[in-house]
Amino acid sequence: MDPTTGITRHAETSGIDEKHTERRHSTFNRRKSSVVVEETPAAIVEGSALSADDRRLAEMGYSQVYKREFSWLSTISFALSISGLFASVSTTFIYPFEAGGAASAVWCWLISGFGCYCIALSVAELVSAYPTSGGLYFTCKYLAPPQWVPEIAWLTGWLNLLGQIAGAASTEYGCAQLLLAAVSMAGDFQGYVPTDRQTVGVMAAFTTLHATLNSLNTAALERMTKTYVIFHLAVLFSCCVTLLALCDYKHTSSYTWTTVVNNSGWTPTGWSFIFGFLAASWTMTDYDATAHIAEEIKDPEIKAPWSIAIALGFTWIGGWLFTIVLAYVSGDPTHTLGNVVVQPVAQIFYDVIGRNGGIFFTVAACFILNFTAMTAIQAGARTIWAYSRDEMLPGSRIWYKIDKRTDTPIIAVWLFCVCCVCINLIGLGSYTAIVAIFNLTAIALDWSYCIPIICKLAFGRFERGPFHLGKLSIPINIWSIIWTFFVTIIYIMPTIRPVTPQNMNYVVVLIAAVAIFSIGYWYAAGRHYYIGPRNNVQLIVGVESSDEKAGSSGGSSDEKRVVQ
């Protein structure tokens with residue numbers, strides 16, 4: 001077999017990749033006690049009739065279903081929208097500001113952003129090599145030892161899917177919080193204070209809206225997505241300029257860059273300071289969202305990874321600069337953190353710009369976060385669809401259906417949104433519990449990326465794509481893993497002391513629950529039917545034989561090559 005193309009001579013394999021057959025047979029043997037493990041016969045496709053993108057997808061075992069509508073601009077805009085930079089910084093600024101004041105916000109964004117960007121580059125490298133809607137989950141098929149592909153792909157897939165659901169749910173909840181904060185601001189924070197019930201109700205309305213929009217065809221989604229980046233950049237730039245121009249009580253540079261104000265209660269102060277890492281880590285996540293629309297992108301092995309690298313690089317630097325601006329104009333920490341809607345940036349907008357200007361930028365942040373939620377749902381629905389294609393999820397035959405009118409997985413869209421609403425309903429009973437679920441987002445997603453990265457380093461099966469990190473690949477991969485280990489410790493710690501049942505970080509309980517669910521479900525059901533990412537297509541390419549090329553009379557001109 002040609003290692004660079006994955007193409008195998010028909011005479012050598014009788015139409016099926018030898019290694020893949022061996023893996024499937026061994027997998028079947030390990031599961032022969034189960035009721036049924038049947039492989040649907042792969043459809044045979046003639047390669048000469050396919051475009052380069054569709055042929056590459058067929059080489060990886062899948063047939064093209066979606067229309068490739070996403071261009072360079074819309075793909076970059078999609079990748080940028082996932083972070084929701086302006087809105088995400090606005091909603092997470094409370095964590096570094098509360099942990100160590102302005103200095104914690106500034107330095108932790110820079111340091112944490114670098115660690116996150118290393119993860120993003122590592123993800124982009126894998127996406128370039130294996131661009132499918134399965135994202136990093138699918139790469140396990142090529143990176144892990146064949147006999148362990150089902151188990152590793154199963155764990156990676158569930159971590160990624162649960163992380164995406166929690167992330168989209170937190171984004172929808174944030175949309176509701178920002179909108180209601182603007183309403184409270186209209187009354188000068190003196191009258192209306194949103195209740196948990198009202199926040200959950202607005203969240204459900206937003207989620208329904210986003211599900212409806214995601215029920216449109218790919219062309220419509222592409223048109224909406226590419227307009228986002230222009231609006232986002234305009235809001236970010238105008239807000240920074242406005243805050244700096246109108247604030248007449250800016251902190252000194254000495255205070256902003258060197259003064260640590262411990263508002264968390266943790267000692268020593270240095271430990272409190274590092275909680276500032278959470279802001280960038282929560283903002284710069286879901287790196288592989290762009291990979292989940294790879295089958296809707298033209299030239300995905302180039303555009304998807306470069307869009308991830310460009311968008312996350314901008315998020316890192318742009319988020320840092322915006323954080324610096326907020327640090328300079330943050331005012332008295334006690335006053336800013338005492339905001340009745342628990343949105344210190346909304347308080348900063350109100351204090352510096354006034355009520356009308358504050359409402360405008362708060363609503364703009366809500367609008368931007370709506371784009372984030374919409375793209376998160378699109379990526380999440382494609383993830384459910386891709387997992388169902390491999391028969392990983394219960395009811396896969398239902399979620400895998402494509403609507404004939406839009407050529408999109410509408411049933412998967414609504415399933416994803418129902419899951420988001422159900423998670424947010426927990427907010428009716430306990431805000432502490434729902435915050436813990438939101439904290440799970442970055443942990444689950446980051447580890448769903450690190451597992452394939454670890455496989456890439458450990459087993460040496462990786463074959464590079466057009467986007468590659470060169471000599472820096474291994475150092476960046478290693479730092480990505482180290483950083484994830486480090487920041488996971490911070491994720492599970494309570495950010496406020498003294499610790500009470502109301503401010504306790506229960507995410508460690510959820511991590512245990514996810515582990516028990518994933519492992520338990522595997523042994524109870526998954527191992528009986530799941531065999532890893534499947535091959536649904538057998539690609540046939542007609543070529544001249546080598547003997548005929550050499551002018552020999554041997555060989556047949558209609559010899560076929562089979563791609564698996």
Side-chain angles (χ1 to χ4, degrees), residues 83 85-86 88-118 236-237 239-284 312-339 342-353 361 442 479 482-483 486-487 489-491 493-498 503 505:
S83 66
L85 191 161
F86 177 78
S88 296
V89 172
S90 297
T91 54
T92 61
F93 183 75
I94 183 175
Y95 296 101
F97 193 63
E98 189 174 53
S104 176
V106 170
W107 287 110
C108 286
W109 237 103
L110 180 64
I111 298 169
S112 182
F114 175 74
C116 294
Y117 192 52
C118 287
L236 179 64
F237 179 77
C239 183
C240 290
V241 171
T242 302
L243 288 173
L244 292 175
L246 295 184
C247 183
D248 55 5
Y249 53 84
K250 289 188 285 289
H251 292 302
T252 64
S253 294
S254 175
Y255 175 88
T256 302
W257 292 85
T258 64
T259 302
V260 177
V261 181
N262 185 349
N263 295 299
S264 70
W266 276 94
T267 54
T269 300
W271 180 253
S272 177
F273 178 88
I274 65 175
F275 282 114
F277 289 140
L278 294 176
S281 296
W282 277 327
T283 301
M284 295 177 63
L312 270 298
F314 175 79
T315 300
W316 174 27
I317 301 302
W320 183 50
L321 295 177
F322 184 38
T323 299
I324 292 174
V325 172
L326 291 176
Y328 270 102
V329 302
S330 57
D332 177 61
T334 303
H335 168 71
T336 304
L337 290 169
N339 179 268
V342 200
Q343 292 290 335
V345 173
Q347 185 68 53
I348 292 173
F349 290 162
Y350 178 82
D351 292 340
V352 176
I353 308 173
F361 282 113
W479 182 249
I482 293 173
W483 178 256
F486 169 70
V487 80
I489 298 172
I490 304 174
Y491 282 136
M493 300 297 293
T495 57
I496 300 293
R497 292 199 70 180
N503 63 29
N505 185 355

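One is the number of the first residue; the rest follow in order along the sequence.
Between the Ser112 side chain and the Trp109 main chain, no donor and acceptor come within less than 3.5 Å of each other. Between the side chain of Ser272 and the backbone N or O of Ala99 there is at least one donor-acceptor pair closer than 3.5 Å.
In this structure, Val329 and Val352 approach most closely via the heavy-atom pair O-CG2, 4.0 Å. Contact between Ala279 and Pro96 at its shortest, heavy atoms only, is CB-CD, 3.7 Å. Here the closest non-hydrogen pair linking Ala103 and Thr259 is CB-O, 3.2 Å. Contact record, Ser281 with Tyr491: CB-OH, 2.8 Å, taken as the closest heavy-atom pair. Considering every non-hydrogen atom in both Tyr117 and Gly313, the closest pair reads CE1-N, 3.2 Å.
Side-chain contact between Trp320 and Val106 is present, with at least one heavy-atom pair separated by less than 4.5 Å. You'll find the side chain of Ile324 reaches within 4.5 Å of the side chain of Trp257, heavy atoms only. The closest side-chain heavy-atom distance from Cys239 to Phe349 is below 4.5 Å. Here the side chains of Thr256 and Lys250 are not in contact, with every heavy-atom distance at 4.5 Å or above. Using a 4.5 Å heavy-atom threshold, the side chains of Thr495 and Asn505 count as separate. Side-chain contact between Met284 and Leu312: present, with at least one pair of heavy atoms (C-beta onward) separated by less than 4.5 Å. Annotation: side chain of Ser254 is in contact with side chain of Thr258 (closest heavy-atom distance under 4.5 Å). The closest side-chain heavy-atom distance from Trp316 to Phe114 is below 4.5 Å.
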Just distance, no hydrogens or angles: give the donor-acceptor pairs under 3.5 Å from side chains in residues 330-337, sequence neighbours left out.
{"from": "Ser330", "atom 1": "OG", "to": "His251", "atom 2": "NE2", "distance (Å)": "3.4"}
{"from": "Ser330", "atom 1": "OG", "to": "Ala327", "atom 2": "O", "distance (Å)": "2.9"}
{"from": "Asp332", "atom 1": "OD2", "to": "Thr334", "atom 2": "N", "distance (Å)": "3.4"}
{"from": "Asp332", "atom 1": "OD2", "to": "His335", "atom 2": "N", "distance (Å)": "3.1"}
{"from": "His335", "atom 1": "NE2", "to": "Gln347", "atom 2": "NE2", "distance (Å)": "3.4"}
{"from": "His335", "atom 1": "NE2", "to": "Asp351", "atom 2": "OD2", "distance (Å)": "3.0"}
{"from": "Thr336", "atom 1": "OG1", "to": "Ser330", "atom 2": "O", "distance (Å)": "2.6"}
{"from": "Thr336", "atom 1": "OG1", "to": "Asp332", "atom 2": "O", "distance (Å)": "3.1"}

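Atom CG of Leu321 sits about 8.5 Å away from atom CZ of Phe314, to the nearest 0.5 Å. Atoms OG and CG, from Ser104 and Asn262 in turn, are 9.5 Å apart once rounded to the nearest 0.5 Å. Between the SG atom of Cys116 and the CD1 atom of Ile111 there is a distance of 12.0 Å, given to the nearest 0.5 Å. Going from atom CG of Leu278 over to atom CD1 of Ile94 covers 12.0 Å, rounded to the nearest 0.5 Å. In this structure, the separation between CH2 on Trp266 and CE on Met493 is 3.5 Å, given to the nearest 0.5 Å. Between the CG atom in Leu110 and the OG1 atom in Thr323 there is a gap of 10.5 Å [rounded to 0.5 Å].
Not a single ring-ring contact (aromatic ring centres under 6.0 Å, His included) links Tyr249 to another residue, sequence neighbours left out. Taking Phe273 as the reference, nothing meets the ring-ring contact (aromatic ring centres under 6.0 Å, His included) condition, with sequence neighbours excluded.
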Worked check of side-chain contact (heavy atoms from CB on, under 4.5 Å) between Leu243 and Ile353: CA-CA 7 Å; Leu243 288 173; Ile353 308 173; 3.8 Å; yes
side-chain contact (heavy atoms from CB on, under 4.5 Å) between Phe361 and Ile348, intermediate numbers included: CA-CA 11 Å; Phe361 282 113; Ile348 292 173; over 6 Å; no
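Few gaps surround CH2 on Trp483; more than 12 heavy atoms of other groups in view lie less than 6.0 Å from it.
Each of Phe275, Tyr95, Phe93, Phe277 was checked for a ring-ring contact (aromatic ring centres under 6.0 Å, His included) with Trp282, and the lone residue meeting it is Tyr95.
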